Amino acid sequence: MILGKKILLTASMAVLASIGLTSSVFADSNITGESGNSIVPTSTSESGVDSGSIKIQEIQASSSSSNSLSEQNDSNSEKATSQDTKSSNADSTNIDAKNVITSVAATPKNGVVEENASYYYQVDGVNQTNYFYSENNNVYYFGNDGKRFENQYYTNWGNTYYFGTGGARYSNQFLSQNSNVYYFDASGVRYNDKFYSNWGNVYYFGNGGARYTNQFYTNWGNVYYFGSDGVRYTNQFYSNWGNTYYFGGDGARYTNQFYQNWRHNYFFGDDGSLQKGFFNDGRTKFLADGNGVIYAAANDDTVALSQLPNLPTGCEIVAITMLLQYAGVNVSKEQIANEIPHSSNPNSGFVGNPYATASAWVLASGIASELSKYLGTSQLMNGASMFDIQTKLNQGHLVAVWMGDMNGFSEHCVTLTGYGADYLQYNNPWTGQKETMSYGTFYSRWGKIWNNALSF
């Protein structure tokens with residue numbers, strides 16, 4: 001009956017092998033029968049398990065009866081004992097298999113796991129909460145309930161972050177949501193009240209992170225505008241509410257400011273709108289056409305000084321004095337006459353004596369030092385264009401110009417104060433009056449004294 005026991009044990013081995021348990025589990029273990037005998041198999045069992053490496057003790061039925069019992073009784077007793085042994089071995093085998101299966105199933109998990117269409121991060125089988133995880137240059141977050149954030153904002157440390165589809169945190173990335181556009185920088189932080197520059201353009205993301213679109217922004221005393229694509233207007237016109245605005249090279253809206261283009265002058269007022277018709281800028285009065293082109297300017301509150309009687313040859317000195325007084329310098333014509341340099345070269349100083357009736361004069365470069373002395377600056381405008389002269393007058397800077405063959409003098413100097421569509425306005429030192437002349441007359445007289453002109 002030993003053979004039956006061997007087959008039973010071999011079958012049990014096959015069951016354990018089928019769940020990945022090797023024969024080493026039973027190495028050097030003994031199964032002992034009532035007789036205390038043991039057997040070491042030397043051949044491979046029918047199950048394919050090498051029983052040569054397993055020491056199996058034979059289980060034999062004990063006999064408490066005398067030798068007088070019949071062989072039939074011995075046989076029946078041995079069968080019963082063998083059946084009990086098989087049952088016992090089978091139970092032992094089933095219990096061991098269950099323990100192995102339970103042990104395999106209970107192996108703790110680590111890393112990202114999916115449960116009920118949600119994702120968690122586990123360490124030794126435990127879900128991690130409020131937990132960041134990095135993989136493949138992406139950052140993920142698992143919240144209070146352990147679930148991975150997806151299409152969801154996260155706020156901490158005074159910053160806002162966004163975890164998109166698949167859970168990866170947005171970095172160097174735009175997000176379009178609810179008709180707004182947002183931007184997240186390299187560290188995943190959403191831009192708030194911050195400029196962003198790229199592709200040669202400037203954008204602004206306001207409070208709440210939404211990009212400015214078709215929207216004004218005011219800061220540093222300036223006004224800016226961001227168009228339909230979010231790009232800040234730069235060197236660009238903008239029209240709305242029946243008005244026209246202009247945004248310069250730094251994006252700031254022109255306000256109380258001149259703009260020059262196409263050889264024209266324009267002015268944008270204190271509300272930023274392009275001025276048309278009649279308007280003032282400080283003491284200067286303007287007229288502009290329907291396109292905003294300025295065609296007339298007048299500095300009417302100048303004082304027309306006369307060179308007579310004490311400076312009969314000092315027209316240049318009186319012209320410069322009017323320019324300085326309009327610029328806010330409290331100075332008299334006699335003071336300037338006494339201060340200017342003297343020279344035999346009119347480009348370096350006054351030739352002769354301005355108090356005398358004999359011929360004497362000075363050119364623009366010979367008297368420019370007086371402007372620099374009082375204003376800290378001077379600008380020779382010899383040969384300047386009419387556009388440049390008009391621009392100076394628009395700014396409230398008077399311009400002294402040298403005329404030939406005027407008021408009976410071969411050389412004379414007057415102070416330009418304004419202009420119109422077909423005339424120039426000036427203060428005449430000889431008459432002490434405000435007068436006008438045509439552009440044609442001006443060019444004819446100006447050219448005879450080498451187009452000399454002086455301003456600041």
Side-chain angles (χ1 to χ4, degrees), residues 283 298-371 373-375 378 381-382 389 392-393 396-419 423-438 441-456:
R283 295 180 294 173
N299 294 284
D300 287 337
D301 59 345
T302 59
V303 176
L305 298 178
S306 173
Q307 66 191 83
L308 299 176
N310 53 344
L311 295 172
T313 56
C315 59
E316 304 93 344
I317 293 171
V318 176
I320 295 304
T321 300
M322 288 187 283
L323 187 154
L324 286 169
Q325 287 184 353
Y326 195 69
V329 179
N330 184 17
V331 64
S332 67
K333 58 187 179 180
E334 290 82 9
Q335 185 175 347
I336 299 299
N338 295 334
E339 292 176 352
I340 61 170
H342 290 260
S343 174
S344 59
N345 182 351
N347 288 301
S348 300
F350 196 89
V351 178
N353 183 2
Y355 291 96
T357 57
S359 177
W361 65 325
V362 63
L363 293 175
S365 60
I367 201 172
S369 60
E370 286 301 294
L371 294 189
K373 176 180 178 179
Y374 288 101
L375 299 177
S378 63
M381 299 187 68
N382 298 347
I389 291 174
K392 284 294 181 184
L393 295 173
H397 296 183
L398 306 187
V399 181
V401 292
W402 275 249
M403 301 279 100
D405 294 331
M406 184 176 180
N407 296 129
F409 297 100
S410 59
E411 179 271 330
H412 189 46
C413 188
V414 300
T415 305
L416 296 180
T417 61
Y419 65 92
Y423 65 88
L424 285 166
Q425 190 175 27
Y426 63 96
N427 288 354
N428 189 346
W430 182 249
T431 63
Q433 300 293 318
K434 297 179 179 181
E435 302 173 1
T436 61
M437 71 176 82
S438 69
T441 300
F442 170 80
Y443 281 119
S444 174
R445 293 174 176 174
W446 191 39
K448 292 180 179 180
I449 312 297
W450 308 287
N451 303 103
N452 266 232
L454 179 64
S455 188
F456 65 97

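All values derive from a computational prediction rather than experimental measurement. Values below: all heavy atoms of this structure, side chains included; hydrogens, waters and symmetry mates excluded. Here, residue 1 is the first one in the sequence, and each next residue gets the next number.
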Taking the side chain from [X] and the backbone from [Y], do they hold a donor-acceptor pair closer than 3.5 Å?
| X | Y | result |
| --- | --- | --- |
| N353 | Y355 | yes |
| W361 | E316 | no |
| S343 | F350 | no |
| T313 | P354 | yes |
| S378 | S369 | no |
| H342 | G352 | yes |
| T415 | A319 | yes |

Does some side-chain heavy atom of [Y] sit less than 4.5 Å from a side-chain heavy atom of [X]?
| X | Y | value |
| --- | --- | --- |
| K434 | T417 | no |
| L416 | F442 | yes |
| Q325 | L305 | yes |
| L363 | W402 | yes |
| K448 | S410 | no |
| Y326 | V303 | no |
| S455 | L398 | no |

If you round to the nearest 0.5 Å, how far is [atom2] of [Y] from [atom1] of [X]?
| X | Y | atom1 | atom2 | answer |
| --- | --- | --- | --- | --- |
| E435 | Q425 | CD | CD | 10.5 Å |
| I320 | E370 | CD1 | CD | 9.0 Å |
| D405 | E411 | CG | CD | 11.0 Å |
| I340 | I367 | CD1 | CD1 | 5.0 Å |
| L311 | T321 | CG | OG1 | 8.0 Å |
| N452 | C413 | CG | SG | 9.0 Å |

Minimum heavy-atom distance between [X] and [Y], given as atom pair plus value:
| X | Y | value |
| --- | --- | --- |
| V318 | P429 | CG1-CB, 3.9 Å |
| L324 | L371 | CD2-CD2, 3.6 Å |
| T357 | P312 | CG2-CG, 4.0 Å |
| A327 | L375 | CB-CD2, 3.9 Å |
| T436 | Y426 | C-CE2, 3.5 Å |

**OP:** Would you please name every residue forming a salt bridge (charged side-chain N to carboxylate O under 4.0 Å, His left out) with D300, sequence neighbours left out?
**Re:**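 D300 satisfies salt bridge (charged side-chain N to carboxylate O under 4.0 Å, His left out) with no other residue.
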
Subject >> Sequence-distant partners of E339, salt bridge (charged side-chain N to carboxylate O under 4.0 Å, His left out), two or more places apart >> reply: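 Partners of E339 under the salt bridge (charged side-chain N to carboxylate O under 4.0 Å, His left out) test: K373.
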
Original post:
M406 pairs by side-chain contact (heavy atoms from CB on, under 4.5 Å) with which of I449, N428, T441?
Top reply: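 So, applying the side-chain contact (heavy atoms from CB on, under 4.5 Å) to M406 and each of I449, N428, T441, only N428 qualifies.
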
**OP:** Assign the ring pair W446 / Y443 to parallel, tilted or perpendicular, where the plane angle (0 to 90°) is split at 30° and 60°.
**Re:**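 It falls in the tilted class, 30° to 60°.
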
**OP:** Measure up the F456 and H397 rings against each other and bin them: parallel (under 30°), tilted (30 to 60°), perpendicular (over 60°).
**Re:**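 F456 vs H397 ring planes: parallel.
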
Original post:
With a cut-off of 6.0 Å (strictly less than), are more than 12 heavy atoms of other residues, nucleotides or ligands near CG of D301?
Top reply: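 Buried by this count: over 12 neighbours within 6.0 Å.
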
**OP:** Scan residues 302-312 for pairs that pass side-chain hydrogen bond (donor to acceptor under 3.5 Å, both in side chains), counting only residues two or more places apart or in two chains.
**Re:**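 Found T302-N427, N310-E334.
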
